[in-house]
Peer 1: 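Dropping the structure in here first, questions after.
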Amino acid sequence: MTEAWNPLYAPAYPAERYAILARRIGAILMTDNDVLLVQAEAVVALEAVATSLARPGLSALNIVTSSYGGWFGQWLRRGGAEVIEIVARPGRQIEAETIATALDANPGVRALALVHAESASGILNPLPEIVALAQARGIVTVVDAVASVGGHALDVTGLGIDIAVIGPQKALGGPAGVSALSVSPRAWELIMHDNAPRNSILSLADQKARVDGGRGALPGTPAPLEFFALEAALDRVEADGVEQTVARHEKAASATRAGLSALGASLWVPAEQASNLVTTISAPTDVEPTSVMRFAGGLAVDLTAGVGTGLSHLIRLNHTGPRATFQTVLASVVTYGEALRQAGLAADVGAASEAVVRAYSG
Ligand SMILES: *Cc1c(COP(=O)(O)O)cnc(C)c1O
């Protein structure tokens, strides 16, 4: 796919390559579990998981650290499940001890869902600890790793994650119109019940037959462009290496924090609870976040507000996927510093630049 070609005349995606794509995604997730491809953005894959697990009599513990978790709980309840919801403080991570207490108080729980890393607020949930708590109790875990895959280590089999949902368009730098999920044998047992939804684009039970039958086809009409783009994204991630891709995000996060600290910025999340995808700061009280963002927009620098109730005072510096580079990090930090100066505050932009350069060259 190197020469220019007309997307209106894209060739069909070769059906025998779906299984290869699934294997390649499994390798990134470090798992031999079945990998299902979903021909839609990742929210649809998440809704398919909730819809396929939910039933009257199922008790689920749903952790909410952004609106994605809120939606997941809503889809579970729509399917008749009893949902115990653990909601973190706005923009904050959940503590493993909170989950341990909730699981002890609710021994009937059979499924647990959480988001790994949030790009809405820049937090990282304590995934290994929470999955271990669920594993010890035989609870099926569902992890929304849409934002984190490629930005954080994600050892699906090593941690014992039963269902991991991913999208290529964040840290993997791929297309937004296709997503995937891995399903463990234990998760299949929970999904394949007598009243599992069938003949639905949200039915994972429908997909099981296709996986078992050798995956010559996807449900629905294939959208070839998305699969060619997914393949291109996987080519690049594999050429760089997954560990290297994660390391590039770690570097971007630590360099951003170093630069912002040199500006005297108030970081929203302590380093050990921070995601590698975005870095969030609380805007000083005498600075209007919208004017900072307008200034950044004029320079084509991606500074945005926190997403979620009560988080509009946060400013996010995005260093995900193609933005996890020295150039973008430097531009974001310098731009934020200059925005502070324009608002009449002291900000040592030179020291901040040096801190970013040192983080990258050290
Ligand atoms: C982006 C994101 C999604 C949704 O992905 P879409 O591809 O936009 O549907 C779900 N969960 C998390 C944590 C995300 O960051």
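First listed ligand is number 1; within each ligand, the first listed atom is number 1. Please read all numbers here as calculations on a predicted model, not as lab measurements.
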Peer 1: Heavy-atom count around Arg137 CZ within 6.0 Å, excluding the residue itself: above 12?
Peer 2: yes

Peer 1: Between ligand 1 and Val146, is the shortest N or O to N or O distance under 3.5 Å?
Peer 2: no

Peer 1: Using the ring of each side chain (for Trp, its six-membered ring), is Trp75 parallel, tilted or perpendicular to Trp71, with breaks at 30° and 60°?
Peer 2: tilted

Peer 1: Nearest protein heavy atom to atom 2 (C) of ligand 1, by residue and atom, and its distance?
Peer 2: Lys170 NZ, 2.5 Å

Peer 1: Kindly indicate whether a cation-pi arrangement holds for Arg358 with Tyr360, taking the cut-offs as under 6.0 Å to the six-membered ring centre and within 45° of the axis.
Peer 2: no

Peer 1: Under a 3.5 Å distance rule, please check whether Arg198 uses its side chain to pair with a backbone N or O of Ala196 as donor and acceptor.
Peer 2: no

Peer 1: State if Ser119 counts as touching ligand 1 under the rule of any non-hydrogen atom under 4.0 Å.
Peer 2: yes

Peer 1: I want to know if ligand 1 touches Ala176 in the polar sense, i.e. an N/O pair below 3.5 angstrom.
Peer 2: no

Peer 1: For Val115, counting its heavy atoms only, list the atoms of ligand 1 lying under 4.0 Å from any of them.
Peer 2: 13 (C)

Peer 1: Aromatic ring centroids of His249 and His152 under 6.0 Å?
Peer 2: no

Peer 1: Is there any N or O on Glu41 that sits under 3.5 Å from an N or O of ligand 1?
Peer 2: yes

Peer 1: Are Phe227 and Ile166 joined in one hydrophobic group, where the rule is that I, L, V, M, F, W and Y side chains link up if heavy atoms are under 4.5 Å apart?
Peer 2: yes

Peer 1: Considering only the protein, which heavy-atom contact is closest to atom 11 (N) of ligand 1, and what is its distance?
Peer 2: Asp144 OD2, 2.6 Å

Peer 1: Quick one: which ligand 1 atoms are inside 4.0 Å of a heavy atom on Ala147?
Peer 2: 15 (O)

Peer 1: Check for a donor-acceptor pair, side chain of Glu41 on one end and backbone N or O of Ala176 on the other, with a separation under 3.5 Å.
Peer 2: no

Peer 1: Show me which atoms of ligand 1 lie under 4.0 Å from any heavy atom of Gln169.
Peer 2: 5 (O), 6 (P), 7 (O), 8 (O)

